[in-house]
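Worksheet for the structure shown next.
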2 protein chains.
Amino acid sequence: MKYYAQVKIGLKKGILNPEATTIQKALALLEYEVKDTDTLKIIKFELDEDNEEVAYKKVDEMCQRLLCNPVIHDYEIKIISK
Amino acid sequence: MKYYAQVKIGLKKGILNPEATTIQKALALLEYEVKDTDTLKIIKFELDEDNEEVAYKKVDEMCQRLLCNPVIHDYEIKIISK
């Protein structure tokens with residue numbers, strides 16, 4: 001069955017996010033006052049597995065082997081059946 | 001009032017996404033067969049505005065002035081009141 005996977009990747013608490021800091025500073029220069037800026041990345045794709053559980057495990061494996069750095073990243077997996 | 005804004009930024013249809021292509025190829029090398037890989041970015045922050053409509057307009061302005069490149073990016077704004 002075809003599944004649609006979405007992995008949301010963000011930095012763990014306590015890890016500095018220089019990209020977010022830069023965005024917040026640039027917004028401040030344009031006179032937009034914002035707080036607690038953060039950035040996340042989403043990777044999405046389609047995969048073909050027997051069931052939702054297997055699909056979830058497969059995507060979790062991909063995250064640990066390639067998509068994320070477990071030392072600095074937190075990730076969240078969403079599996080949607082098509 | 002305090003609002004929580006989330007901007008989801010992706011490439012427009014037809015614009016090549018080399019990052020997604022690389023991820024898909026790397027997954028294939030590890031023997032994970034996936035299709036239609038795509039990547040998005042989320043920028044989130046807090047802002048203080050009178051109402052939700054004003055907050056939305058302000059964030060839309062930020063997208064057009066700084067956060068997105070309207071030539072290549074599509075964006076989606078979500079405003080949540082805290």
Side-chain angles (χ1 to χ4, degrees), chain A residues 1-11 17-50 54-69 73-80 82, chain B residues 1-11 17-50 54-69 73-80 82:
Chain A
M1 225 182 126
K2 282 195 175 172
Y3 291 97
Y4 175 82
Q6 185 171 306
V7 183
K8 203 189 248 184
I9 305 167
L11 288 167
N17 186 342
E19 187 188 29
T21 313
T22 308
I23 290 170
Q24 189 164 321
K25 276 186 193 157
L27 285 173
L29 286 174
L30 294 172
E31 287 170 6
Y32 297 112
E33 286 300 323
V34 306
K35 283 199 313 182
D36 293 338
T37 307
D38 196 13
T39 60
L40 300 169
K41 165 161 286 175
I42 291 179
I43 302 174
K44 39 187 207 177
F45 49 80
E46 260 181 58
L47 75 169
D48 208 345
E49 296 297 340
D50 296 336
V54 175
Y56 185 93
K57 272 189 190 159
K58 208 71 170 255
V59 176
D60 192 53
E61 222 179 278
M62 293 179 204
C63 287
Q64 297 195 23
R65 291 184 67 192
L66 180 81
L67 304 176
C68 306
N69 176 347
H73 292 139
D74 268 336
Y75 61 90
E76 207 183 294
I77 298 168
K78 224 189 254 174
I79 304 284
I80 301 150
K82 281 192 83 174
Chain B
M1 224 182 129
K2 281 195 176 173
Y3 292 96
Y4 176 83
Q6 185 171 308
V7 184
K8 202 190 249 183
I9 304 167
L11 288 166
N17 185 342
E19 188 188 27
T21 313
T22 309
I23 290 169
Q24 189 163 321
K25 277 187 193 157
L27 285 173
L29 287 174
L30 295 173
E31 288 171 3
Y32 297 113
E33 285 300 323
V34 306
K35 283 200 312 183
D36 293 338
T37 308
D38 197 13
T39 60
L40 299 168
K41 165 162 284 175
I42 291 179
I43 302 173
K44 41 188 204 175
F45 48 81
E46 260 181 57
L47 74 171
D48 207 344
E49 296 296 339
D50 296 337
V54 176
Y56 185 93
K57 272 189 190 157
K58 207 75 171 251
V59 177
D60 191 55
E61 221 178 279
M62 292 178 204
C63 286
Q64 296 195 25
R65 291 184 69 191
L66 179 82
L67 305 176
C68 306
N69 175 347
H73 291 140
D74 269 336
Y75 61 88
E76 207 184 292
I77 298 169
K78 221 190 257 174
I79 305 283
I80 301 150
K82 281 192 83 173

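Order of the sequence lines sets the chain letters (A, B, ...), proteins ahead of strands, with each chain counted from 1. The basis for the numbers below is simple: all heavy atoms, side chains too, and nothing from hydrogens, waters or symmetry mates.
Considering CG of B/Leu40 and CG of A/Leu40, their distance stands at 11.0 Å, rounded to 0.5 Å. The CZ atom of B/Phe45 sits 9.5 Å away from atom CD of A/Gln24, with the distance rounded to the nearest 0.5 Å. With rounding to the nearest 0.5 angstrom, the CG atom of B/Leu30 is 5.5 Å from the CG atom of A/Leu66.
B/Val34 has its side chain out of reach of A/Glu46: every pair of non-hydrogen atoms, C-beta onward, lies at least 4.5 Å apart.
Residues of residues 1-9 of chain B having a heavy atom under 4.5 Å from any heavy atom of chain A, listed by number: B/Lys2, B/Lys8.
Under the side chain to side chain contact (heavy atoms under 4.5 Å, CB included) criterion, B/Glu33 pairs with no residue at all, not counting sequence neighbours.
For the options A/Ile43, A/Asp48, A/Leu47, heavy-atom pairs under 4.5 Å to chain B are most numerous at A/Ile43. Taking A/Lys41, A/Lys44, A/Glu19 one by one and counting their heavy-atom pairs under 4.5 Å with chain B, the maximum is reached by A/Lys44.
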